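To start, the structure itself, in structure tokens.
The sequence lines fix the lettering, A, B, ..., with proteins before strands; numbering per chain opens at 1. Since this is a predicted model, take the numbers as computed values, not measurements.
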Protein chains: 2
Amino acid sequence: MTVTSDPQTQPGTASGARIERYDTRLRDFGALLPAHPSGRSAAAVPPRRGVSFWRESLTLMEQYLTFGRRKVRADDTIYRCGEAFDTLFLISTGLFKVVNLAPDGREQPAGLYFKGDWLGFDGIPTGRHGCSAIALDTGEVWTVRYDALLQASVREPMLMRVMLAAMSGQLARNRDAMLAMGTLPADARVADFLLQWAHALAERGLRTDQINVHMTRADIGNYLGLTLESVSRALSRLARCKVIEFNEKGRRDISIPNLQALSDFIQSVTDPAGRVLQ
Amino acid sequence: MTVTSDPQTQPGTASGARIERYDTRLRDFGALLPAHPSGRSAAAVPPRRGVSFWRESLTLMEQYLTFGRRKVRADDTIYRCGEAFDTLFLISTGLFKVVNLAPDGREQPAGLYFKGDWLGFDGIPTGRHGCSAIALDTGEVWTVRYDALLQASVREPMLMRVMLAAMSGQLARNRDAMLAMGTLPADARVADFLLQWAHALAERGLRTDQINVHMTRADIGNYLGLTLESVSRALSRLARCKVIEFNEKGRRDISIPNLQALSDFIQSVTDPAGRVLQ
DNA sequence: CGCCACTTTGAATTAGCTCAAATTCCGTGG
DNA sequence: CCACGGAATTTGAGCTAATTCAAAGTGGCG
């Protein structure tokens with residue numbers, strides 16, 4: 001895929017993380033598809049993602065809502081599958097996983113969540129949580145009662161827009177995760193996992209060259225539909241190919257010297273034959 | 001959310017959409033799925049997505065919004081990846097698939113959508129669609145401008161609740177699909193696919209004993225992360241085990257004589273060891 | 001009737017899993 | 001400070017399930 005350099009790339013984000021290079025799936029699409037002539041509503045709905053997005057969430061929350069703060073440590077449970085739902089959680093700091101489990105005991109991490117993400121949406125339709133949310137690190141969440149949020153959003157519609165965008169963003173992330181699980185071989189799946197992680201960090205203005213994976217190989221494996229051995233092997237292979245590096249002292253810290261290289265690695269797996277152009 | 005289900009709302013809608021008949025079959029489902037008290041999760045899998053749920057969407061829409069109707073035929077595109085987003089689509093009748101495609105050309109159906117489901121959420125955060133939605137059959141969608149919907153939902157908060165519940169329901173479905181992809185072997189994955197399909201039909205008061213899969217084996221395979229051959233083999237095996245039956249004339253019509261048997265089949269694969277009871 | 005796309009089935013290949021052993025990390029207590 | 005033990009990780013060696021490749025069968029539709 002030729003990287004159609006994009007007309008107006010963000011010059012520089014607030015923090016030093018400029019990975020803008022990574023093909024945010026969506027942007028390249030614009031170029032990839034038949035140029036769609038009816039571009040009338042380009043400005044109708046402003047693109048609402050990126051660094052300013054999560055910040056907006058937090059800011060709006062502070063302005064228009066009363067909410068609680070809750071500090072958490074690693075392995076704390078935010079909510080548990082089966083509990084009654086009445087409040088949502090907005091992540092202020094920290095890292096969280098949500099795990100889904102089937103009645104027969106099958107279990108799988110269903111997503112990773114960062115600063116600015118919401119937790120608890122899964123309880124909305126039924127009034128009862130369908131997953132559990134667990135902290136992977138120390139952090140803080142802001143708690144908002146769902147009803148209060150709905151009421152506040154009548155006064156301040158932007159609040160609702162932000163929340164809808166957040167939900168929709170989760171949908172998109174899930175879809176991408178499914179795509180990876182369904183179409184990528186093990187190595188590339190692990191690479192994609194790291195890339196998405198870096199992507200999520202970059203979106204929030206955090207550094208992406210140094211990732212601390214607060215998960216065991218088993219957790220990663222579950223998340224990706226692989227065994228822990230496969231994850232370990234994949235990471236070793238990625239390290240051997242120099243697309244990642246293990247930080248000395250502790251193999252849980254992973255460096256990504258070059259995001260593009262990681263992205264290319266995934267490409268190279270999907271295009272096994274030397275496809276010259278297109 | 002307390003569903004104020006009044007058995008007979010709108011007597012006859014303008015369009016002949018005669019759905020009514022709150023169906024008790026769904027209750028059977030509620031009993032069917034969480035029936036497995038294996039371990040702790042008796043309540044772990046809550047009654048997912050209420051029945052009258054989709055009905056409410058359609059009713060509220062009619063009351064509080066102006067919307068367009070659009071009839072579609074098989075293979076029509078509702079929206080295409082990359083197009084600008086400004087309207088949402090509520091499915092009145094028919095069956096739709098949403099396909100996600102990565103910049104490198106990898107493609108995967110990301111979900112199936114039925115009566116009462118919304119299409120188009122994926123455009124919210126970015127203002128541009130990240131997937132394409134395609135009709136698998138003739139049907140009708142109601143179109144609503146996103147901005148109009150937000151405004152209307154200020155006047156009628158229930159509208160927002162319904163929409164949020166719909167989004168959240170999609171999140172749950174995606175999570176379940178991921179779980180299946182990540183934890184089930186091929187045969188069970190196909191079985192689960194059929195079971196979820198039946199489940200979706202039951203939720204809407206449609207018959208579940210006779211499913212017409214309007215998808216090719218290749219589509220199903222893509223959706224489940226399998227090859228078309230694997231899907232074909234899996235279906236053959238399921239038929240051999242009598243948990244499904246092919247309708248004579250056309251292997252695209254599948255009968256499920258006994259949903260419980262299908263469910264048991266999945267169980268039996270996940271508990272390979274002769275686990276006597278529990 | 002005949003073409004074409006979809007499907008089924010078989011045989012060979014392989015990616016990823018299971019089983020098993022060795023190694024490293026980290027907290028705990030001497 | 002160092003020794004110890006448990007947990008996480010790495011790596012290897014078969015094995016199995018799913019893929020790939022290939023060929024034959026079926027149905028729909030002009």
Treating [X] as the side-chain partner and [Y] as the backbone partner, does any N or O pair qualify as donor plus acceptor under 3.5 Å?
| X | Y | value |
| --- | --- | --- |
| A:Arg204 | A:Lys115 | yes |
| A:Asp122 | A:Gly130 | yes |
| A:Gln108 | B:Leu179 | yes |
| B:Ser232 | B:Leu228 | no |
| B:Arg173 | B:Leu112 | yes |

Rounding to a whole Å, what distance do you find between [X]:[atom1] and [N]:[atom2]?
| X | N | atom1 | atom2 | answer |
| --- | --- | --- | --- | --- |
| B:Glu229 | D:dA24 | CD | P | 16 Å |
| A:Leu224 | C:dG16 | CG | C1' | 14 Å |
| A:Leu235 | D:dT10 | CG | P | 7 Å |
| B:Arg233 | C:dG10 | CZ | C1' | 7 Å |
| A:Asp253 | D:dA8 | CG | P | 17 Å |
| A:Met181 | C:dG16 | CE | C1' | 15 Å |
| A:Leu238 | D:dT11 | CG | P | 13 Å |
| B:Asn222 | C:dT7 | CG | C1' | 16 Å |

Contact list (N/O, under 3.5 angstrom) for nucleotides 14-18 of chain D vs protein:
from   : atom 1 : to       : atom 2 : distance (Å)
D:dA18 : OP1    : B:Ala186 : N      : 2.7

With sequence neighbours excluded, tell me which residues meet side chain to side chain contact (heavy atoms under 4.5 Å, CB included) with [X].
| X | value |
| --- | --- |
| A:Ala133 | A:Ile78, A:Tyr79, A:Val98, A:Leu119 |
| A:Glu140 | A:Arg69, A:Lys71, A:Ser92, A:Thr93, A:Trp142 |
| A:Pro185 | A:Ala188, A:Val269 |

- Item | A:Asp264 and A:Gln260: side chain donor to acceptor below 3.5 Å | yes
- Can you find a side chain N or O atom of A:Ser232 that sits less than 4.0 Å from OP1 or OP2 on D:dA8? no
Protein-nucleotides 4-6 of chain C N/O pairs closer than 3.5 Å?
from  : atom 1 : to       : atom 2 : distance (Å)
C:dC6 : O3'    : B:Arg252 : NH1    : 3.3

- Item | From B:Glu245 atom CD to B:Asp209 atom CG, the distance as rounded to the nearest 0.5 Å | 10.5 Å
- Of the non-hydrogen atoms in A:Leu226 and A:Arg189, which two are nearest, and what is the gap between them? CD2-NH1, 3.9 Å
- Message: For the helix from C:dC1-D:dG30 to C:dG30-D:dC1, what angle separates the axis at the start from the axis at the finish, each from five pairs, in steps of 10°?
- Response: 40°
- Give a yes or no on whether a donor-acceptor pair under 3.5 Å exists between the nucleobase atoms of D:dT11, that is its base, and the side chain of A:Arg240. no
